[in-house]
Engineer: 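Once you've had a glance at the structure underneath, I'll fire off some questions.
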Amino acid sequence: METCEPESTEEAQGAIEVNMEYLLQLKELDIPEEEAKKALIVTGNISAEEAAIFYFENLERMNEEVEDEENYHKMVFVVNMELPMGVGKLFFSQIAAQVAHAAVGLYQILIKESKTREMAYKWDNYGAKKVVLQGSSTAHLLELQALALSMNLPNYLVQDAGRTQIAAGSYTVLSIMGEEESVNKVTGKLKLLN
């Protein structure tokens, strides 16, 4: 005899009767009725206790997944606004080049070690969030870098080669990577570059 497995939980609920006594016990534990029915079906109506254990373990697992998703990683670029980078299109092309240096430099650091490689992987899988902010001066960038280092946040400070209007050796952009909450402790009060 061939059996047909239900394709969905809704289909399963229609095919399998739940024990009403167990269902009432689960509802007394403030488990929503539909979730209680699902738990009873999945556990084979063995007992309210088995269904409750299943429900709460599943709920805990879902909460952990949400927490993981909330720990998004982001890459932040702090541009040294005291440097002469031109105006208009020249300004934005200079900044774009400097931010690109910072992104590549930091990414190369991230992929070297397994711990930071995992961070880069999570960052990439959750949208690769990038934010460009304004730093007031070289001293400001150095202060932010020191804070990032103290928090063990991977970072990269671009030191310009001097092939454009920016003087050789100038610190142009600081890039920082980490969990959003941690990075915000370093850069959360800075203004967006616009």
Side-chain angles (χ1 to χ4, degrees), residues 54 56-194:
F54 173 83
F56 288 113
E57 284 178 355
N58 197 37
L59 185 63
E60 187 175 304
R61 215 175 0 261
M62 287 175 22
N63 286 338
E64 287 171 1
E65 288 173 11
V66 168
E67 285 174 18
D68 285 344
E69 290 175 15
E70 289 174 357
N71 289 330
Y72 287 114
H73 290 75
K74 72 176 178 179
M75 190 180 288
V76 173
F77 307 95
V78 183
V79 177
N80 186 347
M81 298 304 290
E82 80 175 349
L83 298 175
M85 292 196 220
V87 292
K89 288 182 182 179
L90 178 61
F91 171 75
F92 287 107
S93 66
Q94 286 283 342
I95 287 179
Q98 296 299 322
V99 168
H101 284 304
V104 171
L106 181 54
Y107 197 77
Q108 288 173 338
I109 289 170
L110 292 170
I111 61 175
K112 283 183 183 176
E113 295 181 36
S114 61
K115 180 182 175 186
T116 54
R117 195 176 310 122
E118 179 67 23
M119 182 185 299
Y121 174 77
K122 286 181 181 178
W123 170 73
D124 197 32
N125 282 330
Y126 286 102
K129 184 175 185 177
K130 297 163 286 298
V131 180
V132 182
L133 304 168
Q134 299 178 41
S136 58
S137 64
T138 298
H140 188 212
L141 266 61
L142 293 171
E143 288 172 21
L144 295 171
Q145 183 184 37
L147 183 54
L149 288 168
S150 74
M151 296 175 65
N152 295 317
L153 294 173
N155 64 85
Y156 182 82
L157 184 56
V158 176
Q159 193 168 13
D160 196 70
R163 296 188 183 108
T164 61
Q165 63 194 35
I166 300 170
S170 298
Y171 294 114
T172 59
V173 177
L174 170 66
S175 53
I176 303 170
M177 169 70 122
E179 288 184 359
E180 190 161 1
E181 185 178 318
S182 298
V183 173
N184 286 346
K185 289 178 183 175
V186 178
T187 62
K189 295 183 180 179
L190 302 180
K191 292 180 181 179
L192 288 171
L193 181 69
N194 51 21

Engineer: So, for Leu106 and Ser175, which heavy atoms are closest and what is the spacing to 0.1 Å?
Structural biologist: CB-OG, 3.4 Å

Engineer: Find out whether Pro154 and Met119 are in side-chain contact, i.e. whether some heavy atom of one side chain is under 4.5 Å from a heavy atom of the other.
Structural biologist: yes

Engineer: Please round to the nearest 0.5 Å and tell me the distance separating atom OH of Tyr121 and atom CZ of Arg117.
Structural biologist: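 Atom-to-atom, Tyr121:OH and Arg117:CZ are 13.0 Å apart.
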
Engineer: If a pair satisfies side chain to side chain donor-acceptor pair (under 3.5 Å) and one of its residues is in residues 101-116, list it, with sequence neighbours excluded.
Structural biologist: none

Engineer: Any chance you could lay out the side chain to side chain contact (heavy atoms under 4.5 Å, CB included) test for Val79 and Val99, step after step, and finish with the verdict?
Structural biologist: CA-CA 8 Å; Val79 177; Val99 168; 4.1 Å; yes

Engineer: Can you check whether Tyr72's main-chain N or O pairs, donor with acceptor, with Glu180's side chain at less than 3.5 Å?
Structural biologist: no

Engineer: Show, in sequence, the C-alpha distance, side-chain angles and deciding distance for Asn184 and Lys189, and conclude whether the side-chain hydrogen bond (donor to acceptor under 3.5 Å, both in side chains) test is met.
Structural biologist: CA-CA 8 Å; Asn184 286 346; Lys189 295 183 180 179; over 6 Å; no

Engineer: For a quick test of reading the model, state the closest non-hydrogen atom pair linking Ala102 to Phe77 and the distance between them.
Structural biologist: CB-CD2, 3.8 Å

Engineer: Got a second to check how far Leu157's CG is from Leu142's CG, nearest 0.5 Å?
Structural biologist: 6.0 Å

Engineer: Among residues two or more places apart or on two chains, list those pairs meeting side chain to side chain donor-acceptor pair (under 3.5 Å) that have a residue in residues 132-157.
Structural biologist: Asn80-Thr138, Glu82-Thr138, Ser136-His140, Gln145-Asn155

Engineer: Please name the pair of heavy atoms, one in Val186 and one in Leu144, separated by the smallest distance, quoted to 0.1 Å.
Structural biologist: O-CD2, 3.3 Å

Engineer: Taking side-chain contact (heavy atoms from CB on, under 4.5 Å) as the definition, give me every residue that meets it alongside Ala128, ordered by chain and number, with sequence neighbours left out.
Structural biologist: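 Ala128: side-chain contact (heavy atoms from CB on, under 4.5 Å) contacts with Trp123, Asp124, Lys130.
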
Engineer: Would you say Ile176 and Met75 make side-chain contact, with heavy atoms under 4.5 Å?
Structural biologist: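 Heavy-atom side-chain distance check fails, nothing below 4.5 Å.
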
Engineer: When you look at Thr187 and Val78, which way does the side chain to side chain contact (heavy atoms under 4.5 Å, CB included) test go after all the steps?
Structural biologist: CA-CA 8 Å; Thr187 62; Val78 183; 4.0 Å; yes

Engineer: Grab the two heavy atoms, one from Val183 and one from Met177, that are nearest each other, plus how far apart they are.
Structural biologist: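 Here Val183 and Met177 meet closest at CG2-C, 3.8 Å.
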
Engineer: Under 6.0 Å from the CZ atom of Phe56, do we count more than 12 heavy atoms belonging to anything else shown?
Structural biologist: yes

Engineer: Keeping the roles fixed (side chain from Ser182, backbone from Gly178), state whether a donor-acceptor pair exists under 3.5 Å.
Structural biologist: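 A pair under 3.5 Å: no.
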
Engineer: Would you please test Val132 and Leu192 for side chain to side chain contact (heavy atoms under 4.5 Å, CB included) and show each step?
Structural biologist: CA-CA 6 Å; Val132 182; Leu192 288 171; over 6 Å; no

Engineer: For the atom pair CD (Glu181) and NZ (Lys74), what is the distance rounded to the nearest 0.5 Å?
Structural biologist: 11.0 Å

